[in-house]
Amino acid sequence: MKRVSREERARQVAECEASGLTVREWCVANGVPEATMHWWRRRLREDEGAALAPSFVEVAAVGAGRAAAAAAPIVARVGGVEILLPPGFGEADAAAAMRAAASL
């Protein structure tokens, strides 16, 4: 098999994942060895993981009273990201924080 650029590998991996087919079915249909596809997927995940540095965002609840400040925060995990939501945090803001974490 000819050498394929990183961009082409990423395109083919995305196409495979979006196809709705199993990896094996997609590979047979597109002439890509299944072991190669698995290697490409693993390598792309590793590259993406190396590019992501841990990031933290401080979120303050507006109008939280003394009792709310004393309560424990809610911990939400989205993928590899952990979000601490303080008491009194609004539902819409929590949903926005989770969507942002999922995009990382």
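Any value given below was found using the heavy atoms of this structure, including those in side chains, with hydrogens, waters and symmetry copies removed.
- With salt bridges taken as basic N to acidic carboxylate O contacts below 4.0 Å, none links Glu7 and Arg11.
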For the pair Arg41 and Glu17, evaluate side-chain contact (heavy atoms from CB on, under 4.5 Å) and give the outcome as yes or no after the intermediate values.
-> CA-CA 10 Å; Arg41 291 172 74 197; Glu17 291 174 350; 3.3 Å; yes
For Asn30 and Met37, run side-chain contact (heavy atoms from CB on, under 4.5 Å): C-alpha distance rounded to whole Å, both residues' side-chain angles, the deciding distance at 0.1 Å, then the answer.
-> CA-CA 11 Å; Asn30 291 277; Met37 177 58 70; over 6 Å; no
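- Between Cys27 and Glu34, the shortest heavy-atom distance links the atoms SG-CA, 3.8 Å.
- Of all heavy-atom pairs spanning Ala10 and Leu44, the tightest one is CA-CD1, 3.6 Å.
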Please step through side-chain contact (heavy atoms from CB on, under 4.5 Å) for the pair Val32 and Gln12, ending with a clear verdict.
-> CA-CA 9 Å; Val32 175; Gln12 288 188 5; 3.7 Å; yes
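- Listed for the Glu25 side chain is a donor-acceptor partner under 3.5 Å among the backbone atoms of Thr22.
- Note on Trp39: it clusters hydrophobically with Val13, by side-chain heavy-atom contacts below 4.5 Å among ILVMFWY residues.
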